[in-house]
Amino acid sequence: MSKFWNPLIKQLEPYVPGEQLDDPAIIKLNTNENPFPPSPKVLKAIQEESVKLQLYPSPTVDELREEIGSFFSLKKEQVFVGNGSDEVLAFSFMTFFEPGKTIKYPDITYSFYPAFAKLYQLDVEEVALEDDFSLPVEAFFQSEGGVIFPNPNAPSSLYVKIEAIEEILKNNPDQVVIIDEAYVDFAEASAVSLIDSYPNLLVVQTLSKSRSLAGLRVGLALGHPDLIEGLNRAKDSFNSYTMDRLAIVGAIEAFKDTAYFEKTKQEIIAVREYFRQELEKRNFYVLPSQTNFVLASPSDMEAEKLFTQLKQEGFLIRYFNQPKLENYVRISIGTQEQMSKLLDAIDRIIKK
Ligand SMILES: Cc1ncc(COP(=O)(O)O)c(C=O)c1O
């Protein structure tokens, strides 16, 4: 705390990301990164673009917005892009939510939302998830200031059907409903199909998970052109160049290389299902994940102990020391080889 900080900065509770260790000996399964490298086409485009780094990038990022638009069958006016979906979410909170009008999000959810709420001095109703971590859909109806939740939710890994999202949209006609689809490529379907029917829907996605580009920092928002115009007003009052040249060309190639995207995504889903079954054989309760991670509870030992002992064995997973999650660990899905090694380590720990 410093006397030079203004009162707003003094009251913030910043988000704390999962540990980022650079040690190659550690198998890192704690921040839901993709175990596969980016598409070779992405790497080639970035290398070629690097000779132009003396020039500013495009402030409107039209080429990438057009590419994303064509992927989702939307116009570029329905696409906003930014420096990771965290930044896109920050602009979305800034643009659509306001102090004095209570917004709703789940009590167990992405822990950046409370940090944004503090930053923008918003009033929040944290809606309690059901005991099985499912979303109480009707509790999100008639919000005063708007709604946000991830679908699938994190860290629960659970997916809400599009029909339920549609009900939430219908019951918040004058408020923006933000669906954070960071993990949707590993799930049943995106809410993008509802965009043309609901001007209050903003869908946020990221290239950090299913497209292996967490280090490039690219996120996007999809919605009615009026919502996108609002986001651009916020961005251009803050930083016109949130996306650098390398991120722009890399993201364009990532969207073009659909074959690589499909192949790596299917592989992760297959490994997830294998890993879930193997955990169940070892007496874990595993939530039915539609993401690239699982939330699991060991019945033969404490979750926190498992987390600590796996760390000693060179495996980084995530433990959340918070109500309702004390008995769970979150494990990102790596390669088949990484998950087999992890299972061997779990067996050694259980035997002890
Ligand atoms: C639900 C959810 N939303 C958004 C993000 C942020 O992703 P990024 O800023 O890398 O695009 C994450 C990252 O873990 C997440 O879990």
Side-chain angles (χ1 to χ4, degrees), residues 14-20 28-35 38 42 61 64 68 79-94 105-117 119 126 129 133 135 147-160 165 177-187 190-191 202-222 231 235 239 242-244 246-248 250-251 254-255 268 272 287 289-295 316-320 322 325 328-334:
Y15 172 73
V16 184
E19 273 177 279
Q20 298 298 350
K28 197 174 166 303
L29 302 168
N30 67 329
T31 51
N32 304 336
E33 288 144 325
N34 197 305
V42 168
V61 206
L64 172 58
I68 294 172
V79 182
F80 177 80
V81 287
N83 183 19
S85 64
D86 282 339
E87 187 193 72
V88 173
L89 290 166
F91 281 130
S92 305
F93 269 67
M94 189 194 288
Y105 54 70
D107 62 343
I108 303 290
T109 195
Y110 185 35
S111 41
F112 225 131
Y113 303 160
F116 291 140
L119 176 62
E126 294 195 351
L129 294 182
F133 292 101
L135 198 85
V147 168
I148 177 162
F149 60 86
N151 192 34
N153 195 5
S156 75
S157 78
L158 299 185
Y159 174 77
V160 175
I165 304 249
V177 174
I178 303 174
I179 308 296
D180 177 356
E181 294 191 333
Y183 301 100
V184 81
D185 292 323
F186 306 105
S190 164
L202 190 79
V203 173
V204 175
Q205 293 195 3
T206 176
L207 277 70
S208 297
K209 314 293 177 184
S210 57
R211 293 176 200 271
S212 303
L213 288 172
L216 197 64
R217 312 304 301 130
V218 184
L220 53 117
L222 308 166
L231 287 169
K235 177 191 82 105
N239 175 7
T242 55
M243 299 217 47
D244 65 63
L246 307 184
I248 293 171
F255 271 98
I268 289 166
R272 176 186 78 200
L287 275 82
S289 168
Q290 294 215 20
T291 61
N292 67 337
F293 60 87
V294 293
L295 189 70
L316 210 50
I317 61 169
R318 193 94 192 249
Y319 176 71
F320 300 90
Q322 71 180 76
L325 291 172
Y328 290 85
V329 287
R330 193 193 70 187
I331 307 174
S332 308
I333 301 300

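Everything numeric in this text was worked out from a predicted model, so none of it was measured. Both counts, for ligands and for their atoms, begin at 1 and track the order of listing.
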task: Taking the six-membered ring for Trp and the single ring otherwise, decide whether the centroids of Phe133 and Tyr328 are under 6.0 Å apart.
output: yes
Asp86, any N or O under 3.5 Å of ligand 1 N or O: yes
query: Out of Gln205, Glu87, Lys209, whose heavy atom is nearest to atom 14 (O) of ligand 1?
result: Lys209
- prompt: What protein heavy atom sits nearest atom 10 (O) of ligand 1, and how far off is it?
  reply: Ser208 OG, 2.6 Å
message: Is Tyr183 close enough to touch ligand 1? Criterion: a residue heavy atom under 4.0 Å from a ligand atom.
response: yes
message: So, taking the atom named CZ in Phe91 and the one named CG in Asn239, what distance separates them when rounded to the nearest 0.5 Å?
response: 6.5 Å
query: Roughly how far, to the nearest 0.5 Å, is the OG1 atom of Thr291 from the CD1 atom of Ile333?
result: 7.5 Å
message: Looking at Asn151 and Ile179, would you say the former's side chain and the latter's main chain have a donor-acceptor pair under 3.5 Å?
response: no
message: Test your reading of the structure: does Thr31 have an N or O sitting under 3.5 Å from an N or O of ligand 1?
response: no
field: Expected output: side-chain Ser332 to main-chain Asn32 donor-acceptor under 3.5 Å
entry: yes
query: Who's the nearest protein heavy-atom neighbour of atom 7 (O) of ligand 1, and how far?
result: Ser85 OG, 3.1 Å
- prompt: Going by the atom numbers of ligand 1, which of them fall below 4.0 Å from some non-hydrogen atom of Arg217?
  reply: 8 (P), 9 (O), 10 (O)
query: Can Asp180 be said to touch ligand 1, with heavy atoms closer than 4.0 Å?
result: yes
Centroid separation Phe293 to Tyr183 less than 6.0 Å: yes
